[in-house]
Protein chains: 2
Amino acid sequence: MASGTAAKTERKRGSGVQYVYGVLRDEILELTLPPGAPIDEVQLARRLEMSRTPIREALVRLAGEGLVTTLPNRSTVVANLDFLNLHTFFDAITLMYRVTTRLAAQYHTADDLALIRDEQARFARAVAAHDALAMIASNRDFHAAIATAGRNPYYEGLSHRLLDEGRRYLRLYYAGFEDRLPARYVQEHEDMIAAIAARDVARSDTLARQHADQIVAQIQSLLARDRRQHIEL
Amino acid sequence: MASGTAAKTERKRGSGVQYVYGVLRDEILELTLPPGAPIDEVQLARRLEMSRTPIREALVRLAGEGLVTTLPNRSTVVANLDFLNLHTFFDAITLMYRVTTRLAAQYHTADDLALIRDEQARFARAVAAHDALAMIASNRDFHAAIATAGRNPYYEGLSHRLLDEGRRYLRLYYAGFEDRLPARYVQEHEDMIAAIAARDVARSDTLARQHADQIVAQIQSLLARDRRQHIEL
DNA sequence: TGTATTTTGTTTGTCGACAAGAAACCGCGA
DNA sequence: TCGCGGTTTCTTGTCGACAAACAAAATACA
């Protein structure tokens, strides 16, 4: 974390909020700040060397995206992961995968495709390097690039929210053990790119749905595994 | 708006932001604040008799919901209605109508149904009274109640956003002339309620799609009418 | 007269401070 | 030892003030 001299890094005006927002967001999505952890404003202000006002503003934004929960007159905490309603998450992300991939097949430009391929390359590299954290992040960016290519800001917004939430669920299990990163996802992504490039809407839909089913199945199996570990006799 | 004595209404702590948020939101959705109108913080602070801080916080929340746009270091303005990408709005709201109505048919409780019927009653009353403003608002609440009954917070969030946006589009045309409020919507709503109550998913889907088609067609016809008005020779 | 530059003014972004609630703490009594 | 009321402390919500950034007006110059 390297602090010490407190460099007082003369930030440009207006960049403060964005900076805090980015830091907080990353720490929440990578579970450095675990769900339920309280966020103290003054402490954060000291750590990031700025006033409470920009911190507060960033927190409001994060609350709007559902990443933190603000208890009135009480501390704001990192939003909990709701395992009881996990099915609503699965339902929604499956639908968004399908819809955005379909739209990407219809409306993508050459630049969109290049960006999608870039993200896929980064994803493949992360899987090859057995870097779970990078894999999770680049998987999110891959699907976000597809959503962008679909040119529907409403779907894009919901997709971002769901993908971020998914990052947290995945991070829960790919913490330290870098074993058996699912290389099949790389191939599935390649197939999706091919379908999009061919502007094959029906095939894009099918692939997106299968891909979503894969992820759902994996998270569920991870959940089940976790449950067994918690049983003690 | 009756000012004058500046009653200094001792608000409870923490209610300030919510108050400002509500006022701003209503004025934006009812087009009292037209799209593109600049929002001056200090002016608002004077009008609502509070500091700039809560106003700022409310603006951040509104920006998160896409109702205002914040230009950095410049005034924040009421978000524009993007007629060029109206089709993305139609696409998204049709999908949300279908999905939430389907889910409502599956998961609704007796209380949900009662709430939906309440909103429908208010909608019918507004149509009977030829009160366009009330009709627009209660139509939004009707579909929001259905979304709530669907028990999926992700769909619910996107639906709210789309319904609010729709309020602005509709308000554009139902400004003063209270002529021919479409009474057919009342019947369509009734049919949807019947399908939901019968837990008939397929029929709910069909009705929701037809209802969405109706609204899309109406907005498009209003748009065309408006365009003709704007042509000058 | 038109254009570049300085000056002025207005609005936002950030700061430190203060007051209101809520939680933690303490003392007292049973 | 436990429960209860009051007090203290800690955190948030709100405020007024100041400085930076941008826009517009005023000025200088060709």
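Lettering of chains follows the sequences in order, A, B, ..., and the numbering in each one begins at 1.
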Excluding sequence neighbours, so at least two apart, what forms side-chain hydrogen bond (donor to acceptor under 3.5 Å, both in side chains) with B/Arg52? B/Glu41
With 3.5 Å as the limit, what N/O pairs link the protein to nucleotides 8-10 of chain C?
none

Identify whether any heavy atom of B/Ile55 sits under 4.0 Å from a base atom; if not, whether one sits that close to sugar-phosphate; answer base, sugar-phosphate or nothing. nothing
Would you be so kind as to tabulate the donor-acceptor pairs closer than 3.5 Å made by side chains of residues 58-80 of chain B, with sequence neighbours excluded?
| from | atom 1 | to | atom 2 | distance (Å) |
| --- | --- | --- | --- | --- |
| B/Glu65 | OE1 | B/Tyr21 | OH | 2.9 |
| B/Glu65 | OE2 | B/Tyr21 | OH | 2.6 |
| B/Asn73 | OD1 | A/Arg13 | NE | 3.1 |

Figure out the CD/P separation between B/Glu41 and D/dC15, and round it to whole Å. 14 Å
Do you see a donor-acceptor pair shorter than 3.5 Å between the side chains of B/Ser138 and B/Glu119? no
Step-by-step side chain to side chain contact (heavy atoms under 4.5 Å, CB included) determination, A/Thr101 to A/His143: CA-CA 9 Å; A/Thr101 312; A/His143 289 286; 5.7 Å; no
Taking only residues two or more places apart in sequence, or in another chain, which ones meet A/Asp82 in a side-chain hydrogen bond (donor to acceptor under 3.5 Å, both in side chains)? A/Asn85
We want to know whether B/Asp112 and B/Thr109 form a side-chain donor-acceptor pair, criterion being a heavy-atom distance below 3.5 angstrom. yes
Rounded off to whole Å, could you give me the CD-to-P distance for the B/Glu49 and D/dG16 pair? 12 Å
Does B/Leu59 reach a base, just sugar-phosphate, or nothing at all? Heavy atoms under 4.0 Å. nothing
If you take any heavy atom closer than 4.0 Å to DNA chain D, which residues from residues 60-76 of chain B end up in contact? B/Asn73, B/Arg74
Closest non-hydrogen atom pair between A/Ile116 and A/Ala149, with its separation: CD1-CB, 4.2 Å
Partner set under side-chain hydrogen bond (donor to acceptor under 3.5 Å, both in side chains) for A/Arg167, not counting sequence neighbours: none
By the 4.0 Å heavy-atom rule, please label B/Glu57 as base, sugar-phosphate, or nothing. nothing
